[in-house]
Amino acid sequence: MPEEIQPAIAATDESVDPRALAEQLGSAQELTTLSPTACSHYLTKIHSLPSLREFLLGYAEKTLSAHELPSIYTAYQCAAQNFSRELLALDKQLANEFASHDFQLASRHVGKRQLNRLRALKDLRLVQRYREAVNEGKAHGWHTLVYGVVLSTYSIPLRQGLLHYGRQTLGGFIESAARTLDLPDTACLELQVEMNTLIRPMIEKTLSLNGASIKLLS
């Protein structure tokens, strides 16, 4: 009998129009903006624009590039190939990759909500198997995995989806810090532009996996 997992609590390309992509993603937009509680945990030690920049550089390298983008990529590939077993194995594996308990709860909360929005897609066996496992407490429903499944389900190009995720995630931290520190709009825009230049190389590195992450789970 599998170990029971406690339910979560509430807590592109440059030429592509980001507004059009956001419309395609629809309600999945929530998957790129976790709860204020989770964000505040990361932002407590940020007291200035330089410290915000230092945090973003560290997050981009140690979390976004190392964990989140590869997780989205692998979930996308699992969904595209209907690899339910591999997706559930990855869901279990990711439990050790979250540095914050608040962030873990927020990730599961938004992932579960999005999966339940897909309950009408009864002919998609992988989606329904994953949703049922999450609702039964047999899987977590991490937001990155659900995001990858959503990209595949709605045939959203993977590179565009990863770019959108990276920009929205880092931009969300900038917006949260800007409100707290009352940072000028021009400084925030410059920082966002700088962060955006880092995302594309991360995406190319992720795409160079060429399915290696799925093979490791097999």
Side-chain angles (χ1 to χ4, degrees), residues 1-9 12 21-34 63-64 66-98 103-166 168-169 203 205-218:
M1 181 176 179
E3 178 183 359
E4 183 174 346
I5 299 168
Q6 294 301 315
I9 62 173
T12 3
L21 183 58
E23 289 175 4
Q24 280 185 285
L25 288 170
S27 58
Q29 185 76 9
E30 183 183 9
L31 293 168
T32 64
T33 52
L34 294 185
T63 302
L64 182 63
H67 298 294
E68 294 185 331
L69 296 182
S71 296
I72 295 169
Y73 170 88
T74 307
Y76 181 98
Q77 297 294 344
C78 285
Q81 300 176 63
N82 200 31
F83 286 173
S84 299
R85 181 174 61 86
E86 289 79 1
L87 179 63
L88 292 172
L90 180 60
D91 179 282
K92 182 178 181 180
Q93 176 183 315
L94 293 186
N96 298 321
E97 294 188 359
F98 289 88
F103 196 79
Q104 183 182 83
L105 289 176
S107 175
R108 291 167 55 195
H109 175 61
V110 299
K112 182 176 181 179
R113 285 184 60 178
Q114 181 61 29
L115 277 174
N116 284 329
R117 291 191 180 107
L118 302 178
R119 61 183 176 274
L121 305 178
K122 299 185 183 301
D123 56 328
L124 298 180
R125 294 182 58 189
L126 177 138
V127 172
Q128 297 309 324
R129 183 179 178 188
Y130 192 29
R131 185 181 69 84
E132 290 169 4
V134 170
N135 287 331
E136 292 172 2
K138 297 176 181 178
H140 301 86
W142 307 117
H143 76 288
T144 50
L145 300 191
V146 178
Y147 186 80
V149 170
V150 168
L151 294 182
S152 177
T153 298
Y154 292 106
S155 300
I156 297 172
L158 180 55
R159 182 177 274 102
Q160 295 172 14
L162 291 173
L163 182 59
H164 179 77
Y165 180 91
Q168 290 296 113
T169 298
I203 291 173
K205 178 182 177 181
T206 298
L207 295 178
S208 70
L209 291 171
N210 290 323
S213 52
I214 292 180
K215 293 176 183 177
L216 290 174
L217 290 170
S218 300

Do the side chains of [Y] and [X] get nearer than 4.5 Å, heavy atoms only?
X	Y	answer
L88	K138	no
V149	L87	yes
Y165	L64	yes

*May I have the step-by-step check of side-chain hydrogen bond (donor to acceptor under 3.5 Å, both in side chains) for Q128 and R125, ending in yes or no?*
CA-CA 5 Å; Q128 297 309 324; R125 294 182 58 189; over 6 Å; no
Gap between atom [atom2] of [Y] and atom [atom1] of [X] - 0.5 Å precision:
X	Y	atom1	atom2	value
L207	R159	CG	CZ	5.0 Å
Y76	I156	OH	CD1	9.0 Å
Y130	D91	OH	CG	3.5 Å
S84	L126	OG	CG	4.0 Å
H143	Q114	NE2	CD	12.0 Å
L105	H140	CG	NE2	10.5 Å

*Quick one: list whatever passes side-chain contact (heavy atoms from CB on, under 4.5 Å) with L124, sequence neighbours left out.*
L121, V127, T153
How close do [X] and [Y] get, heavy atom to heavy atom, and via which atoms?
X	Y	answer
S71	T144	CB-OG1, 3.7 Å
I72	L162	CG2-CD2, 3.6 Å
S152	A80	OG-N, 3.3 Å

*Where do R119 and N116 land on the side-chain contact (heavy atoms from CB on, under 4.5 Å) test, with the steps shown first?*
CA-CA 5 Å; R119 61 183 176 274; N116 284 329; 4.0 Å; yes
*Hey, which of V146, V110, L145 is the one that makes side chain to side chain contact (heavy atoms under 4.5 Å, CB included) with L115?*
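Among the candidates, only V146 passes.
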*Run the numbers on L90 and C78 for side-chain contact (heavy atoms from CB on, under 4.5 Å), then give the verdict.*
CA-CA 10 Å; L90 180 60; C78 285; 5.5 Å; no
*Indicate yes or no for a side-chain donor-acceptor contact from W142 to the backbone of G111 under 3.5 Å, with no hydrogens or angles considered.*
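Flag not set: sc W142 to bb G111 has no pair under 3.5 Å.
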*If only atom types and distance count, is the side chain of S208 paired as donor or acceptor with the main-chain N or O of K205 below 3.5 Å?*
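Side chain of S208 to backbone of K205: a pair is present.
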*Could you walk me through whether E86 and T74 pass the side-chain contact (heavy atoms from CB on, under 4.5 Å) check?*
CA-CA 9 Å; E86 289 79 1; T74 307; over 6 Å; no
*asked:* Go through it in stages, so that I can follow the logic: the residues are H164 and Y147, the test is side-chain hydrogen bond (donor to acceptor under 3.5 Å, both in side chains), and I'd like the CA-CA distance, side-chain angles, deciding distance and then a yes or no.
replied: CA-CA 11 Å; H164 179 77; Y147 186 80; 4.7 Å; no
*Between L118 and V150, does a side-chain contact (heavy atoms from CB on, under 4.5 Å) hold up when you go through it step by step?*
CA-CA 9 Å; L118 302 178; V150 168; 4.2 Å; yes
